[in-house]
Amino acid sequence: PVLTVAPGSEITVPISIGNTTGTEIISYDLQVSFDPAILQPSSTPYDVTGTLSSAMAITPNAENSGHLIISAFQGSFLAGAGTLINLKFTVIGTSGQSTSLTFADYIDPASISHPGFQLNEGTPSSTTTNGNVTIFGVAVTGTVTYGNAIGSPNPRFVSNVTITGTGSPNVSTTTAAPGANAGQYALSGFGPGAYTVVPSKTGGVNNITSFDAGRIAQHVSGTSLLTGNQLLVADVSNNGSVSSFDAAQIANFVVTASSAGTTGTWKFFPVSKSYSSISSSISGEDYIALLMGEVTGNWTNTGSRPVGSRQLAEGSEPERSFTVNSQNMVTAAGSEAIIPVSVEGVVNKGIIAYEFDLRYDSLVIQPQANPVDVMGTVSRGLTVVARTDEPGLLRVAVYGATPIDSDGLLLNLRFTAVGDPGLVSPLMWERFMFNEGDSAIATVDGQVAISSTDPAAIMP
């Protein structure tokens, strides 16, 4: 990254990497060059906590001035994207100095060659982006904190917030990535005149679910009230009050992942700060960030969307597990197929919301205009929002104020058989989540077979 840091501080420099899943990476080597008059590797020059390297054996070499060498390996393949490793330095330079952080091939005094960056033995190939560290002189510093953090960790800091100072010249920086300095910023480079500083953020949206819509429904009905900043983030229609309309907009966001009111956008308090001039450093200029629609306070500083359900491994029996079961059925060509979906394990679990993605063969069956029917089911008191515009995928969010009170028929799916006799469509649960996914779910897939005259002959 490009960092602006304080003199004398210990800094964390995250090395980030793209998606490693499926690339069979078990090792990497890197060599970062820097100005030794400005930076000095810390006594332990790396930190793997919370990184993709957390299970790796790390060998550092900081004995050559201006060079930090890292070797890392493990027995299993890397998976995912994010911070590969955090490098640690102490700032020994003075205000105004700057040094590049460069991935560079290096031959040490023992004539051993070290690559700037290499995965495995060069496969897969990689490209690198160098960074920079500047020691600020006059700066405005502060921290951006998540304002609706409920549960642990608390406080929670917000990375990748753009802090922009409008003046002459304009200046900007971003809050630090997840790690020891997460959410911190140092804005410098000011001219002699007045400045207005504004925080903003795009992305980093996660953990907005149908459960957030359900909690709003409970608040509106008076059964479980929202408090504090929950009320601010619940008002996604931005009209100054919380209503069922806000719940509906959040549910629409869940199934479409597109704009629904202000759901998924960031608000900051204060909105801005103004300075008549900045002639000396100012600290403690903090901001509160709120993610609109994230009512339950479980946002995480990772930037990722939730994967939804945790699927049960075969033979496992975790506590508080649920079973969702669709059926194998046969229907005639051109007829309606009503597919019952049952559930077990939901009694007294406070389930007020669930959501799922169901895959099917659009050449065999197609969802009807109202593809989900909860009448007469255990979901009868809940509201349904469904998306059917992507062939082969039915995406559904269900929410309400009253918890599901019994096991049994969860809902009915309504499809029309459009395929020829003999064709079969699988019904595959790609994702299923109750409330906010804190319990494991075992899903049982089903299928729909198209029959002409003898349905029994179609089914295995």
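Evaluation of the side chain to side chain contact (heavy atoms under 4.5 Å, CB included) rule for Leu232 yields Asn229, Phe269, Leu290 as partners, not counting sequence neighbours. The salt bridge (charged side-chain N to carboxylate O under 4.0 Å, His left out) check on Glu390 picks up Arg359, with sequence neighbours excluded.
The two atoms that bring Asn238 and Thr262 nearest to each other are CB-CG2, 4.3 Å, heavy atoms only. The minimum heavy-atom distance between Val346 and Ser406, with the atom names listed, is CG2-O, 3.5 Å. Heavy atoms only, all atoms of each residue included: Ala37 and Ile92 are closest at O-CG1, 3.6 Å. Nearest approach of Ile150 to Arg156, heavy atoms of both residues: O-NH2, 3.3 Å. Counting all heavy atoms, side chain and backbone alike, Val91 lies closest to Val5 at CG2-CG2, 3.7 Å. Residues Val378 and Asp407 approach most closely at CG1-O, 3.6 Å, considering heavy atoms.
By the 4.5 Å heavy-atom criterion applied to side chains, Leu291 and Asn148 are not counted as neighbours. At least one side-chain heavy atom of Asp108 sits less than 4.5 Å from a side-chain heavy atom of His114. Between Tyr46 and Leu68 there is no side-chain heavy-atom pair separated by less than 4.5 Å. Inter-residue side-chain proximity for Leu358 and Val396 is flagged as unmet; no heavy-atom pair is nearer than 4.5 Å. Counting heavy atoms from C-beta outward, Thr164 and Asn170 have side chains that stay 4.5 Å or more apart. The shortest distance between side-chain heavy atoms of Ile11 and Leu39 falls below 4.5 Å. A 4.5 Å side-chain heavy-atom check between Leu119 and Ile17 finds at least one atom pair inside the cut-off. The side-chain heavy atoms of Phe356 and Leu410, taken from C-beta on, include no pair separated by under 4.5 Å.
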Under the side-chain contact (heavy atoms from CB on, under 4.5 Å) rule, what do Tyr399 and Ile352 come out as? Steps first, then yes or no, please. CA-CA 6 Å; Tyr399 68 94; Ile352 61 170; over 6 Å; no

Check the pair Asn325, Thr323 against side chain to side chain donor-acceptor pair (under 3.5 Å), reporting the backbone distance first and the verdict last. CA-CA 6 Å; Asn325 186 5; Thr323 301; over 6 Å; no

The test is side chain to side chain donor-acceptor pair (under 3.5 Å); show your working for Tyr28 and Ser126 and say whether it passes. CA-CA 11 Å; Tyr28 64 87; Ser126 59; over 6 Å; no

With side-chain contact (heavy atoms from CB on, under 4.5 Å) as the criterion, how do Arg395 and Leu393 come out once you've worked through the C-alpha distance, each side chain's angles and the decisive distance to 0.1 Å? CA-CA 6 Å; Arg395 180 165 289 167; Leu393 175 64; 3.7 Å; yes

Report the C-alpha separation of Trp299 and Val158 in whole Å, then their side-chain angles, then the decisive distance to 0.1 Å, and conclude whether the side-chain contact (heavy atoms from CB on, under 4.5 Å) test is met. CA-CA 10 Å; Trp299 175 82; Val158 186; 4.0 Å; yes

Can you check side-chain contact (heavy atoms from CB on, under 4.5 Å) on Thr296 and Glu436, steps first, answer last? CA-CA 9 Å; Thr296 57; Glu436 289 193 304; 2.7 Å; yes

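Checking side-chain atoms of Asn206 against main-chain N and O of Thr300 turns up a donor-acceptor pair under 3.5 Å. Using a distance-only test at 3.5 Å, with no hydrogens or angles considered, no donor-acceptor pair links the side chain of Tyr185 to the main chain of Asn160. The backbone N or O of Gly408 sits nowhere less than 3.5 Å from a side-chain atom of Ser342 that would complete a donor-acceptor pair. Judged by distance alone, the side chain of Ser326 and the main-chain N or O of Val444 form a donor-acceptor pair under 3.5 Å. Proximity of a side-chain donor or acceptor of Gln31 to a complementary backbone N or O of Ile69 within less than 3.5 Å is not detected. Under a 3.5 Å cut-off, the side chain of Asp357 and the backbone N or O of Arg431 do not form any donor-acceptor pair. No donor-acceptor distance shorter than 3.5 angstrom exists from the side chain of Ser272 to the backbone of Thr196, with no hydrogens or angles considered. In terms of modelled atom types and a separation under 3.5 Å, the side chain of Ser53 and the main chain of Val48 share no donor-acceptor contact. Without hydrogens or angle criteria, Asp286 side chain to Thr145 main chain gives no donor-acceptor distance under 3.5 Å. Side chain of Glu355 to main chain of Ser210: a donor-acceptor pair is present (N/O by atom type, distance under 3.5 Å, no hydrogens or angles).
Within a 6.0 Å radius of CZ in Phe245, no more than 12 heavy atoms belonging to other residues, nucleotides or ligands are found. Within a 6.0 Å sphere centred on CG of Asn154, heavy atoms belonging to other residues, nucleotides or ligands number more than 12. Atom CZ of Phe73 sits in a sparse spot, with 12 or fewer heavy atoms from other residues, nucleotides or ligands closer than 6.0 Å.
The distance from the CE atom of Met292 to the CG atom of Asp246 is 8.0 Å, given to the nearest 0.5 Å. To the nearest 0.5 Å, atom OG1 of residue Thr377 and atom CD1 of residue Ile404 are 8.0 Å apart. Rounded to the nearest 0.5 Å, atoms CG (Asn86) and OG1 (Thr12) are 5.5 Å apart. In this structure, OH on Tyr360 lies 15.5 Å from CG on Asp445, to the nearest 0.5 angstrom. Atom-to-atom distance recorded for Ile58:CD1 and Ile85:CD1 is 4.5 Å, nearest 0.5 angstrom. Going from atom OG1 of Thr263 over to atom CG of Asp212 covers 9.5 Å, rounded to the nearest 0.5 Å.
Contact check on Asp405 versus Arg380 returns a salt bridge, with a Lys/Arg side-chain nitrogen under 4.0 Å from an Asp/Glu carboxylate oxygen.
Every pair passing ring pair (Phe, Tyr, Trp, His ring centres under 6.0 Å) that includes a residue from residues 77-106 is listed here, sequence neighbours excluded: Phe34-Phe89, His67-Tyr106, Phe103-Phe117.
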